[in-house]
Amino acid sequence: MAQALFGASFRGAGFLYLKPKTLDEAVSLLGSSGGQILAGGTDFYPALGDRLPASRVIDISALGEIRGISTESEHVRIGGLTTWSDLIRAPLPRGFDALKAAAREIGSLQIQNRATVAGNLCNASPAADGVPPLLALDAEVELTSAAGRRRLPLAQFLAGNRKTLRCAGEILSAVLVPRRMEQAASAFLKLGARRYLVISISMVAAVLEADAAGRVAEVHVAVGSCSATAQRLHELENDLVGLPAKPGIGASVRAEHLRSLSPIDDVRATADYRRDASLTLVRRALEACVGSR
Ligand SMILES: Cc1cc2nc3c(=O)[nH]c(=O)nc-3n(C[C@H](O)[C@H](O)[C@H](O)COP(=O)(O)OP(=O)(O)OC[C@H]3O[C@@H](n4cnc5c(N)ncnc54)[C@H](O)[C@@H]3O)c2cc1C
């Protein structure tokens, strides 16, 4: 049974805190009378500021069944409640190096110990560091509700700045990463105004697989913080296929390859700087992939 650990009334608006113990219980609570999902709370609480939650809070942090990483025949399954620290510690093939590098860049160790993969995706910030590596890995999300489960490509799930295609009664129960490119080289680079505890000005993830002849067989490149949602650079990816997968590959990336990005001017950087920096990061990420083959 979900425990009502805390009930209170504030200026006439009652709210309730519930902590279900199973996924079934959590989705049935959400389906019956709604509520806001709380996982690690590292985005949830800062977004509240000094306000109280407007509706009841369903704390899903006790749902052990959706925490952890397992390898299935077609996918690596990352439970939604898996923390960034869990991910860093997990033995994963080299295709996941970019995702691990992104995890190490998320906040501080304390944040990585609390913050979850699903929270990063559902918060849908343009600067979410987990998104570019998961886009580059062709990840899908699994959404569970009282009505059942559905799967969506992550690229589709992220519908805009702070917008996703999650329906009210759904919990992001897992991220599914196809194993097809799990042995590919991968790299993640993040640029911020300082080295640690910083929101990205731009970040880039690349996953590159070479064929037996040492040419690019398949490559995926995603850029974050330069549009409402992180973007794959499909035109660049197509142009790189067949090129020698060796140092110097970065020179094949031209500014036009980044034209699908729509960076903005804000307190962290100008749009021009973001474009320029992203071009350099894309080149360096590709060099890192071929350098580590
Ligand atoms: C000091 C600090 C530094 C940070 N640094 C970074 C950084 O460098 N890079 C970065 O990308 N982020 C950073 N963050 C943001 C945050 O830590 C991450 O986005 C984190 O992964 C969010 O996970 P959470 O479990 O804390 O989510 P929560 O705060 O619990 O939830 C976030 C949102 O997702 C929803 N949600 C959570 N889990 C689920 C689920 N399973 N299903 C459906 N909806 C769900 C919640 O309802 C809420 O709307 C930072 C935050 C802080 C406070």
Side-chain angles (χ1 to χ4, degrees), residues 17-20 23 26-27 29-31 34-49 53-68 77-88 98-99 101-135 141-145 149-150 152 154 157-158 161-175 188-203 205 222 224-225 229-230 268:
Y17 171 93
L18 295 160
K19 194 167 181 182
L23 182 57
V27 292
L29 281 170
L30 273 175
Q36 300 170 75
I37 297 171
L38 171 67
T42 61
D43 279 318
F44 183 96
Y45 287 116
L48 272 182
S55 59
R56 68 182 191 166
V57 173
I58 316 276
D59 179 347
I60 62 165
S61 62
L63 308 186
E65 69 205 273
I66 60 163
R67 180 169 177 177
R77 168 179 287 266
I78 304 172
L81 211 57
T82 304
T83 65
W84 293 111
S85 295
D86 293 339
L87 196 134
I88 291 164
L99 183 60
R104 283 187 210 99
E105 298 271 356
I106 293 185
S108 57
L109 287 179
Q110 293 87 340
I111 295 291
Q112 290 158 21
N113 286 339
R114 284 297 303 170
T116 64
V117 174
N120 195 246
L121 304 184
C122 292
N123 191 53
S125 160
D129 287 322
V131 172
L134 286 170
L135 282 180
V141 295
E142 177 190 85
L143 298 158
T144 303
S145 70
R149 285 184 179 184
R150 65 181 178 126
L152 273 182
L154 175 62
F157 175 71
L158 297 168
N161 184 356
R162 312 274 175 188
K163 288 196 195 105
T164 69
L165 295 189
R166 186 182 78 84
C167 298
E170 289 178 323
I171 289 180
L172 198 162
S173 43
V175 177
F188 173 83
L189 297 174
K190 167 171 170 174
L191 175 71
R194 56 174 187 265
R195 183 66 193 86
Y196 292 107
L197 255 178
V198 70
I199 300 175
S200 307
I201 288 171
S202 171
M203 74 283 212
S225 271
T229 60
R268 294 197 293 282

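Indexing begins at 1, ligand by ligand and atom by atom, following the structure's order. For this chain, numbers begin at 1 and follow the sequence in order.
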Task: Spatial distance of atom CD1 (Ile66) from atom CG (Leu63) [nearest 0.5 Å] - done: 5.0 Å
Open item on the list: Test of understanding: given a 4.0 Å heavy-atom threshold, classify the contact between Leu81 and ligand 1 as side chain, backbone, both, or neither.
Closed with: neither
TODO: Check whether the side chains of Asn123 and Ser125 place a donor and an acceptor atom closer than 3.5 Å, and report yes or no.
DONE: no
TODO: Please indicate whether any nitrogen or oxygen in Ile37 is less than 3.5 Å from any nitrogen or oxygen in ligand 1.
DONE: yes
Task: Gly80 near ligand 1 by a heavy-atom separation under 4.0 Å - done: no
TODO: Can you sort out which atoms of ligand 1 are near Trp84, meaning under 4.0 Å from one of its heavy atoms?
DONE: 21 (O)
Task: Any side-chain donor near an acceptor of the partner, Gln36 and Ser55, under 3.5 Å - done: yes
TODO: Could you tell me whether ligand 1 has any atom less than 4.0 Å away from a heavy atom of Ala127?
DONE: yes
- [ ] Quick one: look up the protein heavy atom nearest atom 38 (N) of ligand 1 and list residue, atom name and how far away it is.
- [x] Ala39 CB, 3.5 Å
- [ ] Determine whether the side chain, the backbone, both or neither of Arg104 has a heavy atom under 4.0 Å from any heavy atom of ligand 1.
- [x] neither
Open item on the list: Considering both backbone and side-chain atoms of Leu172, is one of its nitrogen or oxygen atoms within less than 3.5 Å of a nitrogen or oxygen in ligand 1?
Closed with: yes
Open item on the list: Could you report the tightest heavy-atom contact between Ala127 and Arg268, atom names first, then the distance?
Closed with: CB-NH2, 4.4 Å
TODO: Can you see which heavy atom on Asp43 is nearest to which on Gly119, and at what distance?
DONE: OD2-O, 4.1 Å
TODO: Tell me which part of Ser173 gets within contact of ligand 1: side chain, backbone, both or neither, using heavy atoms under 4.0 Å.
DONE: neither
- [ ] Go through the steps for Trp84 and Leu99 under the test side-chain contact (heavy atoms from CB on, under 4.5 Å), then give the verdict.
- [x] CA-CA 10 Å; Trp84 293 111; Leu99 183 60; 4.1 Å; yes
Task: ligand 1 contact on Arg166 by region, counting heavy-atom pairs under 4.0 Å - done: side chain
- [ ] Would you name the heavy atoms of Phe44 and Ile37 that are closest together and state the gap between them?
- [x] CD1-O, 3.6 Å
TODO: Record the part of Ile111 in heavy-atom contact with ligand 1 below 4.0 Å; permitted values are side chain, backbone, both and neither.
DONE: side chain
